[in-house]
Amino acid sequence: MGDATAEAPATTTVLRVAAISGSLRRASANTGLIRAAAEICKESIPGMQVDHVDISELPLLNTDLEVDGGFPPAVEAFRAKIRAADCFLFASPEYNYSISGPLKNALDWGSRPPNCWADRAAAILSASGGSGGSRSQYHIRQVGVFLDIHFINKPEIFTKAHHPPKKFDDDGNLIDPETKEQLRKMLLSLQAFALRLQGKPANSGQGS
């Protein structure tokens, strides 16, 4: 992909980003990354809107819950939000060298036929321990191959949440300027790639 990290493309197209945190705890740093992404888009990336999609009410995947081709209400609502999105942002911790259980459950519910994830752009970031969540990110990419999700490759963000300098406050809000700038660059890259997949130039809506 070309360098889309310097300035936000001028556009009248509003991309809806469904953002999912793989951590359910109240002061989650990964959910804090999503809040920061939403704030960055409001402040400096026109044409991009980040919507946090809560997965805490999803039941564990059980196909016995599918009745007459329908899903439980919480799953139906979740799948509708995924279908309505133009692209995805995943923020996930690393649990035992892999994807968190809540996120894998959400990916699986969205994949039930018809697959809600297919043929859209996505980005991944993580806040975790020593590795910064790198192993979980690569497993998410592996799952995304089957789901037909198209991930941006750069930049990669592996936030070592507990290493100095302090990245998050006690409520999980991102306070580190360097990480915020990395996140801004990732969002710009996601925006450019999502528009490309939709067949729209980065300056969509401007004069020919």
Side-chain angles (χ1 to χ4, degrees), residues 1-23 25 27-53 85-94 100 103 120-138 140-141 144 149-197 200-204 206:
M1 293 184 300
D3 183 5
T5 62
E7 298 295 337
T11 178
T12 56
T13 300
V14 177
L15 292 176
R16 298 289 297 270
V17 184
I20 299 174
S21 172
S23 175
R25 70 184 187 90
S28 164
N30 286 279
T31 306
L33 289 172
I34 288 176
R35 286 195 300 271
E39 292 169 2
I40 290 168
C41 286
K42 288 180 181 178
E43 294 171 359
S44 63
I45 306 181
M48 199 171 198
Q49 177 178 324
V50 173
D51 300 314
H52 178 208
V53 179
D86 296 294
C87 53
F88 309 115
L89 179 66
F90 299 103
S92 182
E94 181 176 303
S100 76
L103 178 57
R120 273 164 292 174
I124 317 171
L125 66 164
S126 53
S128 202
S131 74
S134 59
R135 288 165 292 219
S136 72
Q137 286 201 27
Y138 296 140
I140 294 168
R141 287 179 180 272
I149 299 173
H150 307 298
F151 290 103
I152 64 169
N153 292 323
K154 296 290 189 297
E156 293 180 304
I157 300 178
F158 308 121
T159 306
K160 296 181 179 181
H162 310 300
H163 289 210
K166 189 173 183 178
K167 310 294 194 307
F168 302 90
D169 66 18
D170 293 340
D171 294 319
N173 297 306
L174 180 63
I175 58 175
D176 179 52
E178 182 177 346
T179 305
K180 286 184 178 182
E181 179 58 21
Q182 292 175 344
L183 179 51
R184 188 183 76 88
K185 291 178 178 179
M186 171 174 279
L187 291 166
L188 288 169
S189 181
L190 176 60
Q191 182 183 40
F193 190 38
L195 288 171
R196 184 192 299 181
L197 284 181
K200 300 171 184 176
N203 63 347
S204 174
Q206 303 302 305

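If you read the sequence from its start, that first residue is 1, and numbering goes on from there. Keep in mind the model is a prediction, meaning the values are calculated, not measured. No hydrogens, no waters, no symmetry mates; every other heavy atom, side chains included, goes into these values.
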Measure the spacing between [atom1] of [X] and [atom2] of [Y] and express it to the nearest 0.5 Å.
| X | Y | atom1 | atom2 | value |
| --- | --- | --- | --- | --- |
| Asp86 | Lys200 | CG | NZ | 7.0 Å |
| Asn30 | Ser128 | CG | OG | 7.0 Å |
| Phe88 | Leu190 | CZ | CG | 10.5 Å |
| Glu94 | Gln137 | CD | CD | 9.5 Å |
| Lys185 | Ile157 | NZ | CD1 | 10.0 Å |
| Phe90 | Leu33 | CZ | CG | 14.5 Å |

Taking all atoms of both residues into account, what is the closest heavy-atom pair of [X] and [Y], and its distance?
| X | Y | value |
| --- | --- | --- |
| Pro93 | Ser136 | O-OG, 3.4 Å |
| Ile34 | Ala19 | CG2-CB, 3.6 Å |
| Ala37 | Leu187 | O-CD1, 3.7 Å |
| Pro155 | Gln182 | CG-O, 4.2 Å |

What residues, two or more places apart in sequence or in another chain, satisfy side chain to side chain contact (heavy atoms under 4.5 Å, CB included) together with [X]?
| X | answer |
| --- | --- |
| Ala36 | Leu174, Leu183 |
| Ala38 | Val50 |
| Ala194 | Leu15, Cys87, Ala121 |
| Ala29 | Ala127, Phe168 |

- Message: Run the salt bridge (Lys or Arg N to Asp or Glu O under 4.0 Å) test against Arg16 and tell me which residues pass, sequence neighbours left out.
- Response: Asp51

- Using salt bridge (Lys or Arg N to Asp or Glu O under 4.0 Å) as the criterion, list what pairs up with Asp171, not counting sequence neighbours.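 Listed in chain order: Arg26.
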
- Task: Run the salt-bridge test on Glu39 and Lys42 with the 4.0 Å N-O cut-off and return the result as yes or no.
- Result: no

Under the side-chain hydrogen bond (donor to acceptor under 3.5 Å, both in side chains) rule, collect the residues that match up with [X], sequence neighbours excluded.
| X | result |
| --- | --- |
| Asp169 | Asn173 |
| His150 | Asp119 |
| Thr31 | Ser21, Ser28 |
| Arg120 | none |

- Would you say Gln49's side chain and Cys41's backbone share a donor-acceptor pair under 3.5 angstrom?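 Side chain of Gln49 to backbone of Cys41: no pair is present.
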
- Message: Considering only residues two or more places apart or on different chains, which pairs with a residue in residues 159-168 satisfy salt bridge (Lys or Arg N to Asp or Glu O under 4.0 Å)?
- Response: Lys166-Asp170

- Message: Counting C-beta onward and ignoring hydrogens, is there a side-chain heavy-atom pair between Leu125 and Thr159 closer than 4.5 Å?
- Response: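 SC-SC contact between Leu125 and Thr159 ruled out.
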
- Test item: Arg141 and Asn153 side chains (from C-beta on) under 4.5 Å apart, heavy atoms: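 When only atoms from C-beta onward are counted, Asn153 and Arg141 do touch, with a gap below 4.5 Å.
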
